[in-house]
Amino acid sequence: MNEEIGPSTSSCSNSAKEPIFVRPRREPFEHGLLPIPKLIFSDGTATLGPFKEKFIQHASASSSPLRIDADGISQVLQISIENARLVLDTLAAVLPSDSDPLVTAKPGDLDSVGADINDLILFLYIQSYKRLLPRTHKDSAAVADVWPSTSAFDGYLSALSPLQLVRSNSRRFTPSQADEEAYQLSYLQKHMANLLALLAESVEGENEESLVLTLERFEHLGFLIQFGEKGSEAPLSQAAPFFANSDPDMPAVPVPASQVHDWILQNITAALENISERIASKENGPPNNSDQDVAMADACTSSFKGSSGTRSPSIVEGISKTSIVKQASDLKGSSVKVLNCHDSVIYILAPLRYATVYGCSDTTIVLGAIGKAVRVEHCERVQVIVAAKRICIANCRECVFFLGVNQRPLVLGDNHKLQVAPYNTFYSQLEEHMNQVGVDATINRWNEPVVLGMVDPHDSLSHPAGVSDVQAESATCLDPDQFTNFLIPNWFGSESHASTKHNPFPLPKGYTASQQKNHQNLGEIKKALRDLHLEESRKRELSSALHIYFKDWLYASGNIRQLYCLQSD
């Protein structure tokens, strides 16, 4: 066990042709960060070590000595019980194992089920991470006329809207997936010694105390790293030479933490070198369809990037003045990112684990069923329609969210004029997709937002000075009289056996009454038109006038583009 251990090249999957590199798990970094000051520790092990001991002491008195409930988290970290519940809910969204009790628990049982203490410590440690945010599209000249030059909210807190903050920042590029992966790996490389120290156990050696990792403790690193495209599906120990051949009938011998540290750093170094080579070859070679940076679409062509592997997100980027629809067969990964889209309608009708909407404006985005988490950030005048376990909304303006969500929506950052409303659509496979990812139609907490602070310490964009303790602006409920159903045409004609025929989320009384009133008014108008006693020539004139007004509305609203674009698909 003392020989030098090189980067893993697992023999179980074509390793002779291409080595299997370590990868960061994106989910904790993209969906697992909470802007709660008391959760952010700059001194790593100095604070979290004692906190771990307190968690263990608190849990030892309960029936689950390795798990800590919401009350224990609240007491140890000195945060409100509401924030402790938010910690559990967020952790549940980013855990790698779907069999963990926190993941399988019903929404109302999260408090009592609690979190594994080792997972919780890793979750708290990475709260010090600062995200590498997407920037403006590389073809800045093509989008110069898209974004307003002044904000409707000039003079409130800053002269720039969230989108303008993104686009005026000094770093004028959109990080690719490789950029983000390298950034996350570099963070893990810097902090791995501390992370291992928090997981390790102390043992008495010949001359001094040393740290060792058991197989069970080592597996918790799967929260942050994995190997290969499907790394999260297999135990991390299968890639590690010091645990790979352990006798299943005998407890694995603990391994010195220093040895684990050396092995992980060697793998991270090899992975970073591989990423650098890939980026360099892209920059020096001819452009190809696999490039993550996609040019902005001008008409009815879509900028859509299917994932190269099962763990990479599918990308919809730079869509402008068009409409696209994507089904499950079009998406190879379990997550999707909709980036920098403008004045378009985007349908992602698939069962997914994660979804991100970033930097979009004047766009309607329909997401299918999202089993883990949705994040919508730096958007203006966007409508998002989604059935999901949970959603986070950050730094958005004049957006409307039609939600079917099992957990309370999280609202944070510099938001203005947000509105929430109950879910308002369906498509034939919706309930089938919801069942696949575990979204419960009987629970909808769309109108119970949790509001956190104005400033997100994980966001590297500039913020107004002096507002760190200011609460973010919450969302108001859409007036029932303004609520309408959104119709998704069945373009593909695919009716499954358990085809969804209506909105699976029940509407609240006020919205139901408004719908009934609208239907009644429409019926009265139809009856009045039928009862008109007109000559045939006058009837034709009336019919022609109605068609002209409808056609004018299609052009004025931009909906005519949907008809042409989706027809051409």
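It should be emphasised that the depicted structure is a prediction, and the values quoted were computed from it without experimental measurement. Residue numbers count from 1 along this sequence. Values below: all heavy atoms of this structure, side chains included; hydrogens, waters and symmetry mates excluded.
Of all heavy-atom pairs spanning F483 and P422, the tightest one is CE1-O, 3.3 Å. Taking both residues in full, the closest heavy atoms of D330 and V325 are given as OD2-O, 4.4 Å, listed atom of the first, atom of the second, then distance. Of all heavy-atom pairs spanning G510 and P480, the tightest one is O-CB, 3.6 Å. Nearest heavy-atom pair across I268 and L185 is CG2-O, 3.9 Å. The shortest non-hydrogen separation linking A178 to I275 is O-CG2, 3.7 Å. In plain terms, the two heavy atoms of F123 and V87 that are nearest each other are CE2-CG1, 3.8 Å.
Under a 4.0 Å N-O distance rule, the pair R26/E180 qualifies as a salt bridge. With respect to the salt-bridge test (charged N to carboxylate O, under 4.0 angstrom), the residues E273 and R278 do not qualify. Taking a cutoff of 4.0 Å between a charged side-chain nitrogen and a carboxylate oxygen, D343 and K321 do not qualify as a salt bridge.
Using a 4.5 Å heavy-atom threshold, the side chains of L34 and Q127 count as touching. The closest side-chain heavy-atom distance from E380 to K417 is not below 4.5 Å. Put simply, the side chain of Y427 reaches to within 4.5 Å of the side chain of Q429, judged on heavy atoms. Looking at heavy atoms from C-beta onward, F401 lies out of side-chain contact with W446 at the 4.5 angstrom threshold. Contact of the C399 side chain with the Q383 side chain is not registered, since no non-hydrogen atoms from C-beta on lie closer than 4.5 Å. Side-chain contact between L367 and V374: present, with at least one pair of heavy atoms (C-beta onward) separated by less than 4.5 Å. Using a 4.5 Å cut-off on side-chain heavy atoms (C-beta onward), I391 and V386 make contact. For the pair S97/V103, no side-chain contact is recorded, criterion being any heavy-atom separation below 4.5 Å from C-beta on.
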Derivation of the side-chain contact (heavy atoms from CB on, under 4.5 Å) call for L188 and F29:
CA-CA 11 Å; L188 292 173; F29 299 106; 4.0 Å; yes

Apply side-chain hydrogen bond (donor to acceptor under 3.5 Å, both in side chains) to the pair S320 and H342, showing each step before the final yes or no.
CA-CA 5 Å; S320 179; H342 167 71; 5.1 Å; no

Start with the C-alpha distance between E181 and R23, add both sets of side-chain angles, then the distance that settles salt bridge (charged side-chain N to carboxylate O under 4.0 Å, His left out), and finish with yes or no.
CA-CA 7 Å; E181 188 167 293; R23 294 174 179 268; 3.2 Å; yes

Determine, step by step, whether K501 and E431 satisfy the salt bridge (charged side-chain N to carboxylate O under 4.0 Å, His left out) criterion, reporting the C-alpha distance in whole Å, the side-chain angles of both residues, the deciding distance to 0.1 Å, and the verdict.
CA-CA 9 Å; K501 301 293 186 183; E431 287 172 300; over 6 Å; no

From CA spacing to verdict: side-chain contact (heavy atoms from CB on, under 4.5 Å), L272, S186:
CA-CA 8 Å; L272 287 172; S186 297; 4.0 Å; yes

Apply side-chain hydrogen bond (donor to acceptor under 3.5 Å, both in side chains) to E398 and H416, showing your working.
CA-CA 6 Å; E398 300 180 60; H416 298 292; over 6 Å; no

Could you please spell out the steps behind the side-chain contact (heavy atoms from CB on, under 4.5 Å) verdict for L86 and L452?
CA-CA 11 Å; L86 183 58; L452 295 183; 3.8 Å; yes

For L102 and L88, run side-chain contact (heavy atoms from CB on, under 4.5 Å): C-alpha distance rounded to whole Å, both residues' side-chain angles, the deciding distance at 0.1 Å, then the answer.
CA-CA 8 Å; L102 191 64; L88 288 176; 4.2 Å; yes

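The distance between the ring centers of Y358 and H378 falls below 6.0 angstrom.
The closest donor-acceptor contact from the side chain of S514 to the backbone of T512 lies at 3.5 Å or more, if one exists at all. For the pair N435 (side chain) and E432 (backbone), a donor-acceptor distance under 3.5 Å is absent. Judged by distance alone, the side chain of N415 and the main-chain N or O of C396 form a donor-acceptor pair under 3.5 Å. With hydrogens and angles disregarded, no donor-acceptor distance shorter than 3.5 Å links the side chain of T364 to the backbone of V345. Checking side-chain atoms of N340 against main-chain N and O of E317 turns up no donor-acceptor pair under 3.5 Å. Judged purely by atom type and a 3.5 angstrom limit, R25 has no side-chain atom pairing as donor or acceptor with the backbone of Q226.
Residues passing the side-chain hydrogen bond (donor to acceptor under 3.5 Å, both in side chains) test with Y511: none are found, sequence neighbours excluded. For N503, the side-chain contact (heavy atoms from CB on, under 4.5 Å) partners two or more places apart in sequence, or in a different chain, are Y423, F505, L507. With sequence neighbours left out, Y129 forms a side-chain hydrogen bond (donor to acceptor under 3.5 Å, both in side chains) with no residue at all. Annotation: side-chain contact (heavy atoms from CB on, under 4.5 Å) contacts of Q419 (sequence neighbours excluded): V400, T476, L478. Residues passing the side-chain contact (heavy atoms from CB on, under 4.5 Å) test with E277: none are found, sequence neighbours excluded. Every residue meeting the side-chain hydrogen bond (donor to acceptor under 3.5 Å, both in side chains) condition with E30, not counting sequence neighbours, appears here in chain and number order: K337. Residues satisfying the side-chain hydrogen bond (donor to acceptor under 3.5 Å, both in side chains) test with Q515, not counting sequence neighbours, are N485.
Between the CG atom in L331 and the OG atom in S329 there is a gap of 8.0 Å [rounded to 0.5 Å]. Atom CD1 in I365 sits 6.5 Å away from atom SG in C341 (nearest 0.5 Å). For the atom pair OG1 (T500) and CZ (F426), the distance works out to 8.0 Å, reported to the nearest 0.5 Å. Residue I346 holds its CD1 atom at 6.0 Å from SG of C360, rounded to the nearest 0.5 Å. One distance of note links OG of S314 with NZ of K326; it measures 10.0 Å at 0.5 Å rounding. One finds the NE2 atom of H31 at 8.0 Å from the CZ atom of R375 (value rounded to the nearest 0.5 Å).
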Under 3.5 Å donor-acceptor pairs involving side-chain atoms of residues 348-357, not counting sequence neighbours:
| residue | atom | partner | partner atom | Å |
| --- | --- | --- | --- | --- |
| R353 | NH1 | D98 | OD2 | 3.0 |
| Y354 | OH | A93 | O | 2.5 |

Using distance only, find each side-chain donor-acceptor pair of residues 404-413 under 3.5 Å and give its atom names and separation, not counting sequence neighbours.
| residue | atom | partner | partner atom | Å |
| --- | --- | --- | --- | --- |
| N406 | OD1 | D440 | N | 2.9 |
| N406 | ND2 | D440 | O | 2.8 |
| N406 | ND2 | I443 | O | 2.9 |
| Q407 | NE2 | D89 | OD1 | 3.4 |
| R408 | NE | E448 | O | 2.8 |
| R408 | NH1 | E82 | OE2 | 3.1 |
| R408 | NH2 | P449 | O | 3.3 |

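Under the 30°/60° scheme for interplanar angles, the aromatic rings of Y347 and F486 are found to be tilted.
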